[in-house]
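Let me begin by presenting the structure, written as structure tokens, before commenting on it.
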Protein chains: 2
Amino acid sequence: MSEKPPTVYDVAAHAGVSIATVSRVLRRPGDVREVTRSKVLGSVRELGYVPSASARGLAARRTGVVGVFFPGFDAAWEIPELSDAEDGLVRMVRDSDDSLGQRPPDLYFDAVLRGAELEAWRRGLVLMVGAGRGSDPESVVRDIAGRVDGLVVLARSVPDDLLNAIAHRIPVTLIAGPRRGDNFDHVSVANSEGIRALTHHVISELKVRQLQYLGGPEDSPDDVERYAGYCEALRLAGLDPLALPPLRAGFRRETARELARGLVAAGKLPRALICANDQMALGVLDVLHRAGIAVPDQVIVTGFDGIDSGRASVPTLSTVFQPMETLGREAVRIMADRLDSPDAEPVSKRLPVTVLLRGSSDG
Amino acid sequence: MSEKPPTVYDVAAHAGVSIATVSRVLRRPGDVREVTRSKVLGSVRELGYVPSASARGLAARRTGVVGVFFPGFDAAWEIPELSDAEDGLVRMVRDSDDSLGQRPPDLYFDAVLRGAELEAWRRGLVLMVGAGRGSDPESVVRDIAGRVDGLVVLARSVPDDLLNAIAHRIPVTLIAGPRRGDNFDHVSVANSEGIRALTHHVISELKVRQLQYLGGPEDSPDDVERYAGYCEALRLAGLDPLALPPLRAGFRRETARELARGLVAAGKLPRALICANDQMALGVLDVLHRAGIAVPDQVIVTGFDGIDSGRASVPTLSTVFQPMETLGREAVRIMADRLDSPDAEPVSKRLPVTVLLRGSSDG
DNA sequence: CTGAAAGCGCTAACAA
DNA sequence: TTGTTAGCGCTTTCAG
């Protein structure tokens, strides 16, 4: 399938120049006379020369690669082996919600990754992705750390000490989560401010005084911020955040569904349910719909994230849009700047959000 | 921020061994006596040693990295500069559909990428991603090609000649699109079979005889396959695929909306609209809903892909689910195998799809 | 504008 | 079991 790949030496020989000239043609074409350059480029094409990034990285001490490390919520053992079963090419099911053997998509990381890739491209960088899974992020992170010029880390996917060790060698940019010391650059979104504004709207415009919070995992920094924003809005209105205790559904649609069914069955629905993300809000919406409970007339539901499905739901979902893609872009932008000027002051940027008032609150 | 990173030499000196031993400890710990090993590992930790992947790749001639290259539908000039404007952290809008300055998410690539990452992790590989954008995929592909042991390429994101040049050096696995020669391994999904089954269901179970196809770009290989499947089902039933000419909306929701509005206005709605992807189907559904046209009673609508929004729409969307994540996983799996045995026969795998009969056809 | 030569940090025979 | 040594393919002074 492949013979020995040509190297600079081959190209140099073929073009009748030195390897230094070949290198120049590729890196700073302006430094080479036109005729020489085109001669070299001719050889490059003819031989199908592809420079070895390893050699280049070794010699130049920079790889042009930025690593992106994000938490993998899939425990290793939950990932099914790829099966080789062949039951024909088409299966047919009625109204199957899931059972497709697919895990729910993680819109958030996907979007961040897309943004990161986008900005990397604009900056002439390449992206290397890794996820923390199972018990030992350490090996993966080290593995990636040796390959890249800088590392972008999502939320709390890497333990502090490891992070510090890495930051000692290459710049690290943190996405989301709390700011951790000022060894790192940091990008976040206005979590608390956003949900506070939305909650405030529900209270003062829609005249609701009985609200309940539906949160994700308590150890999620995002959830912590959002809950704080929620509480703040209530207190500002003279309401007690603990009048109705916060509910938890781990950011997951299915879990929220079960929880909502429970509330319906018990007749304990609040006048407004402020959810910490869209997935949960959609689950709730779905259950209420089936139970014949009118949204927003009987119950107001809001989400957070601004995922696409919230535009297709009935009613459409009021939510706080967070610019996930921009989050990724901004992180890489900051990283690129950092690589250019390693000694500049650490940067911390907070991105604005947009409250989207739609059918589930302002129908 | 960082001093000179320690190398094998530093570790060797610190541990009082040779660099070869350090290398062994890291690569084949079994070949080293226990005491030596722990001494070395101690030094590694103490010095915060991180091996250079460049040097390693150069010496070992393999990088442990798989590249994934996918088409970027964003023309470069359409990507807005990241703005530094600060108009406060919260903005508030009513019922804004878009205007969020975000491009529509590309669920398909996201899912494929996620699957690829997953399988790469299981195989101890790292993923490097790049997108073709603007006029010149060549430079990016070359750039990536030099960094990886193998390249996974989505659909037609890379011109044939370039692809051949690359395949000459490193293994290439194609995802989706037509099979292109047998220099390459290839994974695809049962596009035509899936849509044929769904169309057949609409015709023979739902007794519909007036169908119309709503396709994507004509040069999309996926669309070509899907259209073929559609036609086949019609012919099998003795219907003329061209009785109603195929419509085109470039796989985009917005475009499909406009088109649907046109059909409604002209009173030219067919009894069933078979859409080549979910985004378009959702656009149609939305327009019909607003126009007060009953789905599926007056018009049946079907999609293709099985994206999440199709479960939240009203009615829920009948569609053909394609295992996008599995597509990515399978591609990396094949690549990993290929790296292990470069001279095995080229592989071509077709993944099964699932027809999901939901509200928009079988309400 | 071009060439010669010295590494970059690591792996993999081969010796010991 | 461990050490020696010869590259891997490229960038980058420094001369010319």
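Within every chain, numbering begins at 1; the chains are lettered A, B, ... in the order of the sequence lines, protein sequences first and strands thereafter.
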By salt bridge (Lys or Arg N to Asp or Glu O under 4.0 Å) - contacts of [X] (at least two apart):
X      : value
A:R333 : A:E330, B:D84
B:D340 : none
A:R123 : A:E119, A:D337

Legend entry - Contact list for residues 29-40 of chain B, test salt bridge (charged side-chain N to carboxylate O under 4.0 Å, His left out), sequence neighbours left out: B:R28-B:D31, B:E34-B:R37

Quick one: pull up [atom1] in [X] and [atom2] in [Y] and give me the separation to the nearest 0.5 Å.
X      : Y      : atom1 : atom2 : result
B:S188 : B:K349 : OG    : NZ    : 11.0 Å
A:Y49  : A:T7   : OH    : OG1   : 7.0 Å
B:Y108 : B:E325 : OH    : CD    : 13.0 Å
B:I175 : B:I334 : CD1   : CD1   : 9.0 Å

Inset, instruction - Using the closest heavy atom to pick a nucleotide of DNA chain D for each, name whichever of B:A55 or B:G16 lands nearer the 5' end. - result: B:G16

Legend entry - By side chain to side chain contact (heavy atoms under 4.5 Å, CB included) - contacts of A:E345 (at least two apart): none

Inset, instruction - List in numerical order all residues of residues 20-39 of chain B for which some heavy atom is under 4.0 Å away from an atom belonging to DNA chain D. - result: B:A20, B:T21, B:R24, B:V32, B:R33, B:T36

[X] side chain near [Y] side chain, heavy-atom distance below 4.5 Å:
X      : Y      : result
A:F109 : A:L154 : yes
B:V347 : B:T173 : no
B:R338 : B:D185 : yes

Legend entry - Terminal helix-axis angle for the helix from C:dC1-D:dG16 to C:dA16-D:dT1, with five pairs defining each axis and rounding to 10 degrees: 30°

Could you pull out all donor-acceptor pairs under 3.5 Å where a side-chain atom in residues 59-71 of chain A meets a protein atom, sequence neighbours excluded?
from: A:T63; atom 1: OG1; to: A:V65; atom 2: N; distance (Å): 3.1
from: A:T63; atom 1: OG1; to: A:R147; atom 2: O; distance (Å): 3.3
from: A:T63; atom 1: OG1; to: A:D149; atom 2: OD1; distance (Å): 3.1

Legend entry - Minimal non-hydrogen separation, A:P6 against A:L47, with atom names: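 What the structure gives for the nearest pair is CG-O, 3.4 Å.
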
Legend entry - Leading and trailing nucleotides of DNA chain D with any atom under 4.0 Å from heavy atoms of chain B: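 In short, chain B contacts DNA chain D from D:dT1 to D:dG9.
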
Inset, instruction - Identify the 5'-most and 3'-most nucleotides of DNA chain C with at least one atom closer than 4.0 Å to a non-hydrogen atom of chain B. - result: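 Counting from the 5' end, contacts occupy C:dG9 to C:dA13.
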
Legend entry - Those residues of residues 57-66 of chain A lying under 4.0 Å from DNA chain C by at least one heavy atom: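 DNA chain C contact set from residues 57-66 of chain A: A:L58, A:A59, A:R61.
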
Inset, instruction - Could I get the full list of side-chain hydrogen bond (donor to acceptor under 3.5 Å, both in side chains) partners for B:S43, not counting sequence neighbours? - result: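 So B:S43 forms no side-chain hydrogen bond (donor to acceptor under 3.5 Å, both in side chains) with any residue.
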
